[in-house]
Amino acid sequence: MAFELPSLPYAHDALEPNIDTTTMQIHHGKHHAGYTSKLNAAIQGTDLESKSIEDILTNMDMSNAAVRNNGGGYYNHSLFWTVMSPDGGGQPSGELADAINSAYGSFDGFKEKFASAAGTRFGSGWAWLCVHPGGKVEVCSTPNQDNPLMPDAGCNGKPILGLDVWEHAYYLKYQNRRPDYVQAFFNVINWEEVSKRYTESK
Ligand code: MN3
C-alpha cells in the first residue's frame, strides 16, 4: 500500500508570523510531497511495501540511500506538522514536564539544550526530543533526513518532538538567521500533542 501525503492539520497561514505561509505551502506541498512519492517509488515491488513506516525506519538498511532519505523525509515531516499548532507555545505540564525538569533542570534548561542541538547541526538535519523506555527524555540531532528510530542514529529513542533545520524550512523568512527561526518554533510547539506522544511512547 502506497504512503500518502498527510493533510496539514491547519491552514497554510495558521502559523504566521512564526512560520510564513509561502514556506508552509512549498514545504508541505512540494518537499514533503516529493519525499512521499520518492519513498513509494523506492519501495515499489520490494518487501518493504507491506511494512509500516516505523518498521521501515527501525529496520533500516542504512546503505539504501533512497529509502533512508525519503522514508526519513516522509516520517519526519509527518511528525513535524503535528507538533506545531496555531494554539501552541507555552510549556508542557504533567509527566512530560516532570521528565524534562528531571533531565534538564527546568523548561529553560531544555530550551537552551534544544536550541543548541538545532543551531549547531551543521548543514541540513533535525533536532529532536526523544523518550527512552521508562520515560527518560533526551535531546539530540541527526543529519539530513535521518531519524532517531534508525539504527545508531541520534539518541535512539522514540522521537516525540522534531524541528526541521534544513534551509528550506526557514530561508524565505529568516535567511541565515536559524537561531531566530528556532526561537519562533517555541511559540508554536503543540505541547498537548508532544505530551500525548510521550505517554504513548515511554
Ligand atoms: Mn523539510
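Numbers here simply count residues along the sequence, with the first being 1. Order of listing sets the numbers, starting from 1, for every ligand and every atom in it.
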Notebook entry, point to check: How about Cys155 and Cys140: are their SG atoms under 2.5 Å apart?
Noted result: yes
Notebook entry, point to check: Testing Phe80, Trp81, Phe3 for ring-ring contact (aromatic ring centres under 6.0 Å, His included) with Tyr74, which one passes?
Noted result: Phe3
Notebook entry, point to check: Looking at the Mn ion (ligand 1), which N/O/S atom of Asp164 is the nearest one?
Noted result: OD2
Checklist line | More than 12 heavy atoms of other groups within 6.0 Å of Lys173 NZ | finding: yes
Item checked: Atom nearest to the Mn ion (ligand 1) - His27, N, O or S atoms considered -> NE2
Note to self: If you consider just the N/O/S atoms, which atom of His168 is the closest one to the Mn ion (ligand 1)?
What the structure shows: NE2
Notebook entry, point to check: For His77, what is the atom name of its N, O or S atom nearest to the Mn ion (ligand 1)?
Noted result: NE2
Notebook entry, point to check: Between Phe110 and Phe114, is the gap from one ring center to the other below 6.0 Å?
Noted result: yes
